[in-house]
Amino acid sequence: MVGALRQNTPILSVASFRMWLESRPDEEHWELIEGVPTMMTPPNRRHQRLASNLESLLNAALKRHNPAFAAYHDIGVNVVSTVPYDPEPDVAVIREDENPDPRYADRFYLVAEVLSESDKGVIESKRDIYRAHSSCNWILLVRQDRSQIIMDRRTADGWHSQVLHAADELAVPEFGLTCSVRDIYRDTPLG
């Protein structure tokens with residue numbers, strides 16, 4: 001049934017979507033997925049805590065390691081895609097001086113998605129789009145149902161994935177971050 005609904009839904013460009021989005025209240029959260037405006041439900045508290053923990057750990061590391069970078073939650077990122085797509089990763093690392101727009105970043109170096117049930121159908125396409133972005137070198141997929149992070153890292157040989165569990169260490173040396181996976185899950189039932 002969802003496929004039938006999508007077939008009849010007009011496909012918007014990113015530019016059209018962003019113009020339409022300006023008419024919506026700030027408290028509404030929308031993403032353009034495959035050309036279709038999709039209202040995102042408010043994230044649950046576990047989702048918010050995981051994103052907040054990761055953002056805080058990254059910002060603390062970046063202050064020490066390279067303060068030109070900063071981590072943000074729910075920032076829009078400009079991507080190139082064959083289908084209209086306007087994502088807002090849960091956390092993204094950007095360089096302030098490269099991104100003058102207060103809502104969207106052209107260049108981002110790390111993106112993280114806290115996975116929800118609703119992500120099952122789109123996370124692989126999101127992952128492919130993030131991988132295609134020339135400045136993105138890290139993708140973190142943080143599970144909510146168990147202490148597990150899928151870490152994708154771009155190297156000279158291409159993308160390499162690693163699955164991290166609660167007892168493992170998350171290391172992102174470019175940003176000075178080294179922490180336990182448990183640190184991401186702090187103050188949640190999985191911590």
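We count residues from 1, following the sequence as given.
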Peer 1: Testing the basics here: between Val77 and Ala92, what is the closest heavy-atom pair and its distance to 0.1 Å?
Peer 2: CG1-CB, 4.5 Å

Peer 1: Rounded to the nearest 0.5 Å, how far does CD of Gln148 lie from CG of Leu164?
Peer 2: 8.5 Å

Peer 1: Would you give the length of the straight line joining atom CG of Leu170 to atom OG1 of Thr178, rounded to the nearest 0.5 angstrom?
Peer 2: 8.0 Å

Peer 1: Please identify each residue that fulfils side-chain hydrogen bond (donor to acceptor under 3.5 Å, both in side chains) with His133, with sequence neighbours left out.
Peer 2: Ser135

Peer 1: Glu22: which residues meet the salt bridge (charged side-chain N to carboxylate O under 4.0 Å, His left out) condition with it, sequence neighbours left out?
Peer 2: none

Peer 1: With distance as the sole test, does Arg153 use its side chain to make a donor-acceptor pair with the main-chain N or O of Asn137 at under 3.5 Å?
Peer 2: no

Peer 1: Should Val142 and Ile184 count as side-chain neighbours, where that means a heavy-atom distance under 4.5 Å?
Peer 2: yes

Peer 1: Kindly give the heavy-atom pair with the smallest separation between Glu96 and Ala70, and that separation in Å.
Peer 2: OE2-CB, 3.5 Å

Peer 1: Atom CZ in Phe175, atom CG in Asn66: separation rounded to 0.5 Å?
Peer 2: 9.0 Å

Peer 1: For Ala60, what residues pass the side chain to side chain contact (heavy atoms under 4.5 Å, CB included) criterion, not counting sequence neighbours?
Peer 2: Arg64

Peer 1: Verify side-chain contact (heavy atoms from CB on, under 4.5 Å) between Thr38 and Leu32, making sure each step is shown before the conclusion.
Peer 2: CA-CA 6 Å; Thr38 306; Leu32 184 67; over 6 Å; no

Peer 1: Tell me whether Leu110 shares a hydrophobic cluster with Val114, the cluster being built from Ile, Leu, Val, Met, Phe, Trp, Tyr side chains joined at under 4.5 Å.
Peer 2: yes

Peer 1: Please answer: with hydrophobic residues joined when any side-chain heavy atoms are less than 4.5 Å apart, are Ile150 and Leu177 in the same cluster?
Peer 2: no

Peer 1: Are Ile139 and Arg131 close enough that some pair of their side-chain heavy atoms sits under 4.5 Å apart?
Peer 2: yes

Peer 1: Going by the salt bridge (Lys or Arg N to Asp or Glu O under 4.0 Å) test, which pairs reach into residues 37-52, not counting sequence neighbours?
Peer 2: none

Peer 1: Rounded to the nearest 0.5 Å, what separates atom OG1 in Thr188 from atom CG in Asn53?
Peer 2: 7.5 Å

Peer 1: Are any side-chain N or O atoms of Asn59 and backbone N or O atoms of Ser56, one a donor and one an acceptor, separated by less than 3.5 Å?
Peer 2: no

Peer 1: Give a yes-or-no answer on whether the side chains of Asp106 and Asn99 include a donor-acceptor pair shorter than 3.5 Å.
Peer 2: no

Peer 1: When rounded to the nearest 0.5 angstrom, what distance separates CG in Leu50 from CG in Leu54?
Peer 2: 9.0 Å

Peer 1: Mind checking side chain to side chain contact (heavy atoms under 4.5 Å, CB included) for His65 and listing every partner two or more places apart, or none if nothing turns up?
Peer 2: none

Peer 1: Would you indicate whether Arg103, at its atom CZ, is surrounded by more than 12 heavy atoms from other residues, nucleotides or ligands within a distance under 6.0 Å?
Peer 2: no

Peer 1: When clusters are formed by joining ILVMFWY residues with side-chain heavy atoms under 4.5 Å apart, either directly or through shared neighbours, do Trp20 and Tyr104 land in the same one?
Peer 2: yes

Peer 1: Run His47 and Ser116 through side-chain contact (heavy atoms from CB on, under 4.5 Å) and show every step you take.
Peer 2: CA-CA 8 Å; His47 183 284; Ser116 302; 3.5 Å; yes

Peer 1: Kindly write out the residues that satisfy ring-ring contact (aromatic ring centres under 6.0 Å, His included) with Tyr109, not counting sequence neighbours, or none if the list is empty.
Peer 2: Phe69

Peer 1: Any side-chain heavy atom of Asp152 within less than 4.5 Å of one from His160?
Peer 2: no

Peer 1: Tyr185, Leu140: one ILVMFWY side-chain cluster at the under-4.5 Å cut-off?
Peer 2: yes

Peer 1: Identify whether Tyr72 and Val91 are in the same connected component of the hydrophobic contact network (ILVMFWY, side-chain heavy atoms under 4.5 Å).
Peer 2: no

Peer 1: Among all residues two or more places apart in sequence or in another chain, which pass the side-chain hydrogen bond (donor to acceptor under 3.5 Å, both in side chains) test with Asp145?
Peer 2: Arg143

Peer 1: Could you report the tightest heavy-atom contact between Leu57 and Cys179, atom names first, then the distance?
Peer 2: CD1-SG, 4.1 Å

Peer 1: Who passes side chain to side chain contact (heavy atoms under 4.5 Å, CB included) against Glu113, sequence neighbours left out?
Peer 2: Pro89, Asp90, Leu115, Ile123, Lys126, Tyr130, Leu141

Peer 1: Answer yes or no: is there a side-chain heavy-atom contact under 4.5 Å between Val111 and Trp138?
Peer 2: no

Peer 1: Rounded to the nearest 0.5 Å, what separates atom OG in Ser180 from atom CZ in Arg186?
Peer 2: 10.5 Å

Peer 1: Checking Trp159 now: which residues fulfil ring-ring contact (aromatic ring centres under 6.0 Å, His included) with it, not counting sequence neighbours?
Peer 2: none

Peer 1: State which residues pass side chain to side chain contact (heavy atoms under 4.5 Å, CB included) with Ala132; sequence neighbours excluded, sorted by chain then number.
Peer 2: none

Peer 1: Which residues satisfy the side-chain hydrogen bond (donor to acceptor under 3.5 Å, both in side chains) test with Asp183, sequence neighbours excluded?
Peer 2: none

Peer 1: Considering residues at least two apart in sequence or located in another chain, which fulfil the side-chain hydrogen bond (donor to acceptor under 3.5 Å, both in side chains) criterion with Glu55?
Peer 2: none

Peer 1: Could you walk me through whether Gln162 and Asp168 pass the side chain to side chain donor-acceptor pair (under 3.5 Å) check?
Peer 2: CA-CA 11 Å; Gln162 182 179 1; Asp168 294 328; over 6 Å; no

Peer 1: Please report the shortest heavy-atom distance between Leu62 and Ala71, naming the atom on each side.
Peer 2: CD1-N, 3.9 Å

Peer 1: Would you name the heavy atoms of Ala61 and Gly176 that are closest together and state the gap between them?
Peer 2: CB-O, 3.5 Å

Peer 1: Does some side-chain heavy atom of Arg127 sit less than 4.5 Å from a side-chain heavy atom of Ser161?
Peer 2: yes

